[in-house]
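Below, chains carry the letters A, B, ... as their sequence lines are ordered, and counting in each starts from 1. Side-chain atoms are counted along with the backbone in the values below, which use heavy atoms only and exclude waters and symmetry mates.
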Amino acid sequence: MELTVSMSPHIRGKNTIEAMMLTFIVGLAPTCLAGIYLFGMRALVIIALSVATAVGVESAIEWIANHRLTYRDLHATLTGLLVALILPPTVPWWIPVTGAGVAIILGKMVFGGLGTYPFNPPLVAWVVLKLSWAERMSLFFAPHTTTPVLTPLMAVKEDPALFYSYDLLPLLLGDQAGPIGGVCGLAVVIGGIFVLYRALIRWHIPVSFFAGVALFSLVLRSVNPDLYPPVSFQLISGGVLLGAFFLAPEPVTSPVTPKGMLLFGFLAGTLTMIIRMWGADPDGTFHAILIMNAATPLFNYLKPRAYGRSGHA
Amino acid sequence: MGLFSRTLTLPETLAATSLTLTEPPLPRRVILPLTQGIGEPARVCVAVGEAVKVGQLIGAADTEGALPLHATISGKVVAISEQLHYTGAKLPALIIEGDGADSRAESQGEQGEGEVLSADEMVARIRGAGLILKGLHPLPLAAELSALDEPTTHLALTGRRVVHRIDTLLIAALDPEPSLGVNRYLAGIHSEDLARGIAALKAITGAQETVFVVDRAQPPSPLIAEMLRADEQEATRVVSVHGRRFPVGLPIPLIKAALGREVPLPFGRPRDVGVALYDMETAVSVGRCVRSTIPPVATLITVGGGALSQGGIVSVRIGVEIGALIASLGGFAQSPAKVILGGPMTGVAQYDLTVPITKEITGLFALRADEAGRTTGYRQCINCGLCVKVCPVNLVPGVLSLYCARDRFALAERQGLLSCIECGCCDYVCPSRRPMVHFFRHAKHELLEAG
């Protein structure tokens, strides 16, 4: 009889990294399907290239470094998927390939792989692509066409009064230009709620992210309602939904304490609005999250209340 | 674990559901370590080769920290030698080969009718009977009871107000882990000793109020209802908690759930918040030893796990080897991957089935490979925060585990490592399968060594 001896506990939950990543991937499925529906085969090719590159590059690095292969944990798949979803549907084939490669190499593997990197890998890729090929990364199609148009946020940046021309429902259903995963807000919300429900954690970040965006735009609206778009427009245009549900709560790069998560989300939302109003990037969500990632270790100092201080009741 | 819930629902298959009592046949041999619990060893007062009877004193307690030891079967002392203990240490122990007669020692008996004992006399009885306080730090019950008005280390160190007075006697009618069932079993059967024991504990601790903590899922116990009716001063009440969730039944979370009081950590004790916490088993044992001077020779444990053919509440003679006990209960139904003394969340894994049951043991579990958690191949912390959510004492276990894994023990201590109650919840939920409790115990040990 062979008996195992180890420290307690002797039983463990079913939760695994694989299951968590799979939950995120399933949560992104509606967004992927909406992107493919709106932008056609082009979107499918971008997604497939990005995922394949991410998994391939990660495995290659691990093989060269003689490390255990980790493609089974599905993190590379998720990273590839997110890289594709924040790209415009107009990009040539080598953009998702470069992006996924950068996300895995510069974003993840140089730091030691899953759990170690300080910045959200898909967003690292996005910044590198944006700096390297600014024009290609700012070219968007209207859904179901190959006509280049401005995204609502770009249009509003040029002429603030234009926000009157956008209705809430079409925006939510995906009748707008934008990145593959950033146009159909409804799909993102459905997937996001699924992830919140299944992952059992981190409602703090999406909720406080939305609160940050909403509060800031409410303040702006109270200053001059003609010049600043309404809260609903700010929430469902650009990358806010995708960012709040899938990028900001990325486990490795966001805080772990409840107070830290709330402040992290709120400040990321506020920063998004500041960049939108006064920055160079019409969207700002991705920049804001990346900047807040740098401050994550500080947010983790906001520890839960120490136990046993209330004393004798 | 739900979206907002901070406690765990453990696998149903390991929940103690069958609360029927089994009394296995007398063991042929018992091993009685001179040290029971974490106290000092008893002094041997029999010789090798001497015949002993059930209940005969064989190890005398000369100090407050030692527990007296009684023969639990009748027979002959065959050896006094070092034997493997469930903690992994080798401790001096008496070995008795039984004669199968189970004959009792004389000169022990029931308390006479109308005899009223003072609190000190009751503590003396408890000391004489060798009762232990089961739990993470199993101490002699008498030592614990007589030290109730001494300030604890925590309060002495921090200079905070010392609460001398116990105002609440908290009686747990549920078990530390959902897999254990002795206290729920005792809540469901009739025992005159319970009322007697509670009266004694109230007199000793000076508590004004008695609070029963019961499991919300358990049908209301007639025994407790009767005690509520019998109490004319209305100083008894019942609080129900989610007892099937973990770690609600462990002492520190239990005091929080039942009374809303937080025991100061680290080093704090229930008495620092005016609480004396005992379980049903302790109350019944106290009641019995107030009534009679016959020392207890058996203890109730919960037996379970998918590798065993029979589970439930088992009354075992102290000192029986776990291998012999399992054999007398029908043996293994399937090959076990882990044999645990204590509950599956906080117990101690065993590799040798000659280890004896000692006084502090609460359960015996034999887990199949599919029930036992994987212990190898843990990965990097991915910062998911689940451990933060489930930690009952508000730590950030993931970050602590990183410090401990890199030998940054002083840093971990500053972040509250010593407040950890080792419940294992963080370990249970970790998607990277990090052995958190292992890290924390190792770090605590290193800190202790360093002073």
Run the side-chain contact (heavy atoms from CB on, under 4.5 Å) test on Glu262(B) and Arg305(A) for me, step by step, so that the C-alpha distance in whole Å, both residues' side-chain angles and the decisive distance to 0.1 Å come before the verdict. CA-CA 12 Å; Glu262(B) 293 191 354; Arg305(A) 179 186 57 84; 2.8 Å; yes
Start with the C-alpha gap between His10(A) and Met345(B), add the side-chain angles, then the distance that decides, and say whether side-chain contact (heavy atoms from CB on, under 4.5 Å) holds. CA-CA 6 Å; His10(A) 306 290; Met345(B) 285 302 286; over 6 Å; no
Take Arg202(A) and Lys389(B), measure what side-chain contact (heavy atoms from CB on, under 4.5 Å) needs, and give me the verdict at the end. CA-CA 10 Å; Arg202(A) 292 180 179 263; Lys389(B) 185 177 166 187; over 6 Å; no
Assess the residue pair Thr116(A) and Gln380(B) against the criterion (side-chain contact (heavy atoms from CB on, under 4.5 Å)); give the C-alpha distance rounded to whole Å, side-chain angles, the decisive distance to 0.1 Å, and a yes or no. CA-CA 8 Å; Thr116(A) 53; Gln380(B) 178 69 26; 4.1 Å; yes
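Shortest non-hydrogen contact noted between Pro9(A) and Gly424(B) is CG-O, 3.6 Å. In terms of heavy atoms, Cys384(B) sits closest to Pro251(A) at CA-CB, 3.9 Å. For the residue pair Leu386(B) and Met20(A), the shortest heavy atom distance occurs at CD1-CE, 4.5 Å. Closest heavy-atom contact between Ser8(A) and Arg441(B): OG-NH2, 3.2 Å. Of all heavy-atom pairs spanning Val388(B) and Pro258(A), the tightest one is CG1-CD, 4.1 Å.
Heavy atoms of Ser335(B) lying under 4.5 Å from chain A are absent altogether. With a 4.5 angstrom heavy-atom cutoff, Val396(B) touches chain A only via side-chain atoms. For Gln415(B), the part lying under 4.5 angstrom from a heavy atom of chain A is the side chain only. Only the backbone of Pro392(B) comes within less than 4.5 Å of a heavy atom of chain A; no side-chain atom from C-beta onward does. Using a 4.5 Å cut-off between heavy atoms, Leu353(B) contacts chain A through its side chain alone, with no backbone atom that close.
Expressed to the nearest 0.5 Å, how far CG of Asn15(A) lies from OH of Tyr428(B) amounts to 10.0 Å.
Of all residues spanning residues 362-372 of chain B, those with a heavy atom less than 4.5 Å away from chain A's heavy atoms are Leu367(B), Glu371(B), Ala372(B), arranged by number.
Between Glu2(A) and Lys338(B) there is no salt bridge, since none of the side-chain N atoms of the basic residue sits less than 4.0 Å from a carboxylate O of the acidic one.
A 4.5 Å side-chain heavy-atom check between Ile17(A) and Ser432(B) finds at least one atom pair inside the cut-off. Counting heavy atoms from C-beta on, the side chains of Tyr307(A) and Lys256(B) come closer than 4.5 Å. In this structure the side chain of Asp427(B) reaches within 4.5 angstrom of the side chain of Arg12(A), judged on heavy atoms. Annotation: side chain of Asn383(B) is not in contact with side chain of Ser254(A) (no heavy-atom distance under 4.5 Å). Contact annotation: the side chain of Thr16(A) approaches that of Arg433(B) to within less than 4.5 Å [non-hydrogen atoms, C-beta and beyond].
When the candidates Thr70(A), Thr296(A), Ile11(A), Val5(A) are compared by the number of heavy-atom contacts under 4.5 Å with chain B, Ile11(A) comes out ahead. Among the candidates Val393(B), Leu395(B), Val437(B), the residue making the largest number of heavy-atom pairs closer than 4.5 Å to chain A is Val393(B).
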